[in-house]
Enquirer: 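Just dropping this structure here.
Lettering follows sequence order; numbering is per chain, from 1.
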Protein chains: 2
Amino acid sequence: MRLTTRGRYAVTAMLDLALHSEKRPVSVAEISERQTISLSYLEQLFASLRKAGLVDSVRGPGGGYRLVGTTDLICVADIIKAVNESIDSTNCGGKGDCQGGSICLTHNLWDDLGRQIAGFLSGISLADLVAKRDVQTIANRQVDQLLTLEDNNVRAKAC
Amino acid sequence: MRLTTRGRYAVTAMLDLALHSEKRPVSVAEISERQTISLSYLEQLFASLRKAGLVDSVRGPGGGYRLVGTTDLICVADIIKAVNESIDSTNCGGKGDCQGGSICLTHNLWDDLGRQIAGFLSGISLADLVAKRDVQTIANRQVDQLLTLEDNNVRAKAC
DNA sequence: AAGTACTTGACTATTTTAGTAGGGTATTAG
DNA sequence: CTAATACCCTACTAAAATAGTCAAGTACTT
């Protein structure tokens, strides 16, 4: 399988959404600040997430993205699949033509590994992550950091 | 984690070694032919495998590589670690400085995933793989293909 | 009406991967 | 002894993937 910052950022962004979208939709700019992820890069990821039907968007002032459905229905595997194509671990993409049209010596091993990972990531929902204490601690820290940052900016402008 | 052909080739080569090193050491050229992997590329992988102490080498005619220890003592995780650095899935390499010195929102998730994969791959030894029926079937096919190939070459030369 | 925020597509620098090339050096069969 | 065999090592390179930028839109709401 292919786990890059692309997939990691997507899960992080979705978790941010789950943590902050109680009342209003969350703008990409907010997520970009809180999670320190490039804004334009996030936009690309959300385009994929929207295509996959995991989020929907509200345009105009006060708009942003919202999760489709409740947090217990969206699992980590879905998010990674949405932006990363597949969790497959074989070289041949599961087709089994790894060695000149036939199966290679280790094909089934990688196939098993893929299933294992998929099973693990399918068993974890956004609700599970939100419920974790460390996630909440980190989320609070991120909000605090942002507030003091804005505070400093206001003071800087006042000078 | 980072699973590329590098790691896959290494496991395939080690399995080939396990299957064919009953009497003599196995040369890289043999493995290259049987598994259709570039010879020079294989040599690089074996340099890493040797450094990790998974194989030792016999030089000169009739030489080649041999496994160090029995097949039940070498697991897939060891082989991948030997050529691929780590099975870690976090972006920060497990250091926990993913977001400006602090931990990022999803760090622990990737950490858990890494442990999961490491556990799975540590539980599979070369002996386990050799014992599988499909592996033996594929190995036989590979030997047959090579024999008919050599046969054709001999005939071609005779013409 | 105007600003906010999403949408789209093209473009680029960097890194990693996979593989090549070409020179060695040690060993041993004959 | 010597020539063939097979390991050993370093540097290089083409291609792909990744991460991110830039710019010009369009839709919507206050």
Side-chain angles (χ1 to χ4, degrees), chain A residues 1-13 17 20-21 24-33 35-52 54-66 68 80 83-86 88 91-93 98 104, chain B residues 1-13 17 20-21 24-33 35-52 54-68 80 83-86 88 91-93 98-99 104:
Chain A
M1 92 141 176
R2 194 190 316 165
L3 182 58
T4 60
T5 49
R6 192 175 164 79
R8 276 189 286 256
Y9 280 174
V11 175
T12 303
L17 222 56
H20 298 102
S21 65
R24 340 178 118 268
V26 182
S27 75
V28 178
E30 269 182 79
I31 302 178
S32 167
E33 276 192 306
Q35 308 302 334
T36 46
I37 302 174
S38 145
L39 192 143
S40 307
Y41 197 44
L42 265 180
E43 283 177 342
Q44 283 177 37
L45 298 182
F46 270 102
S48 299
L49 293 171
R50 210 174 71 95
K51 251 180 224 161
L54 295 178
V55 298
D56 64 359
S57 57
V58 179
R59 292 187 144 195
Y65 286 97
R66 270 180 320 204
V68 170
I80 292 182
V83 299
N84 236 4
E85 293 172 7
S86 88
D88 183 64
N91 199 15
C92 55
C98 351
C104 78
Chain B
M1 93 143 175
R2 194 190 316 165
L3 182 57
T4 60
T5 51
R6 190 175 165 80
R8 277 189 285 256
Y9 280 174
V11 175
T12 303
L17 222 55
H20 297 103
S21 64
R24 338 177 120 270
V26 182
S27 74
V28 178
E30 270 182 79
I31 302 178
S32 167
E33 276 191 306
Q35 308 303 334
T36 45
I37 301 175
S38 144
L39 192 143
S40 307
Y41 197 45
L42 264 181
E43 282 179 339
Q44 287 176 36
L45 298 181
F46 270 103
S48 300
L49 293 171
R50 211 172 71 95
K51 251 181 226 161
L54 296 178
V55 297
D56 64 358
S57 58
V58 180
R59 291 186 146 196
Y65 286 99
R66 270 179 319 205
L67 296 178
V68 170
I80 293 182
V83 300
N84 237 5
E85 292 171 4
S86 87
D88 183 64
N91 199 18
C92 55
C98 354
Q99 192 179 22
C104 78

Enquirer: To the nearest angstrom, how far is B:Gln44 atom CD from D:dC12 atom C1'?
Expert: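 Spelled out: CD on B:Gln44 to C1' on D:dC12 is 11 Å.
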
Enquirer: Scan B:Tyr65 against the nucleic acid and name what it touches under 4.0 Å (heavy atoms): base, sugar-phosphate only, or nothing.
Expert: sugar-phosphate

Enquirer: Quick check: closest heavy atoms across A:Asp56 and A:Val68, and the distance to 0.1 Å?
Expert: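 That closest heavy-atom pairing would be N-CG2, 3.7 Å.
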
Enquirer: Name the residue closer to the 5' end of DNA chain D, choosing between A:Thr4 and A:Val58 according to the nucleotide with the nearest heavy atom.
Expert: A:Thr4

Enquirer: For DNA chain C, note the earliest and the latest nucleotide, 5' to 3', having some atom under 4.0 Å of a heavy atom belonging to chain A.
Expert: C:dG3 to C:dA10

Enquirer: Hey, what do you get for CG (A:Asn84) to OG1 (A:Thr4), rounding to the nearest 0.5 Å?
Expert: 4.5 Å

Enquirer: Taking B:Val28's backbone N and O only, do any of them form a donor-acceptor pair with B:Ser32's side chain (distance below 3.5 Å, no angle check)?
Expert: no

Enquirer: Could you tell me how far apart A:Leu45 (CG) and D:dT21 (C1') are, to the nearest whole angstrom?
Expert: 14 Å

Enquirer: With heavy-atom distances below 4.5 Å as the criterion, would you say the side chains of A:Asn91 and A:Cys98 are in contact?
Expert: no

Enquirer: Expressed as a whole number of angstroms, how long is the span from B:Glu30:CD to D:dC7:C1'?
Expert: 14 Å

Enquirer: Are the side chain of A:Arg6 and the backbone of A:Val83 linked by a donor-acceptor contact shorter than 3.5 Å?
Expert: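 A pair under 3.5 Å: yes.
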
Enquirer: Specify the separation, in whole Å, of atom CG of A:Leu39 and atom C1' of D:dA23.
Expert: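 One finds 14 Å between C1' of D:dA23 and CG of A:Leu39, rounded.
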
Enquirer: Nearest whole Å is fine: how far is D:dT5 P from B:Arg24 CZ?
Expert: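 Nearest whole value for this atom pair: 14 Å.
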
Enquirer: Could you state the atom-to-atom distance from CG of B:Asp56 to P of D:dC7 in whole Å?
Expert: 12 Å

Enquirer: Answer with base, sugar-phosphate or nothing: what part of the nucleic acid does A:Phe46 contact at a heavy-atom distance below 4.0 Å?
Expert: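 Answer is nothing: A:Phe46 stays at 4.0 Å or more from every strand.
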
Enquirer: Between P on D:dT21 and OH on A:Tyr41, what's the gap in Å once rounded to a whole number?
Expert: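 About 11 Å, once rounded to whole Å.
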
Enquirer: Using a heavy-atom cut-off of 4.0 Å across all strands, would you classify A:Arg50 as base, sugar-phosphate, or nothing?
Expert: sugar-phosphate

Enquirer: Can you measure from CG (A:Leu42) to CD (A:Glu30) and round to the nearest 0.5 angstrom?
Expert: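 Here the interatomic distance stands at 12.0 Å.
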
Enquirer: Assign A:Ser40 to base, sugar-phosphate, or nothing according to its heavy-atom contacts below 4.0 angstrom with the strands shown.
Expert: base

Enquirer: Between B:Asn91 and B:Gly60, who's closer to the 5' end of DNA chain D by nearest nucleotide?
Expert: B:Gly60

Enquirer: Please report the distance, rounded to the nearest Å, between CG in A:Asn84 and P in D:dT18.
Expert: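 Distance check: A:Asn84 CG to D:dT18 P gives 7 Å.
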
Enquirer: Look at the rings of A:Tyr65 and A:Phe46 and say which category their plane angle falls in: under 30° parallel, 30 to 60° tilted, over 60° perpendicular.
Expert: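 The rings of A:Tyr65 and A:Phe46 lie parallel, inter-plane angle below 30°.
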
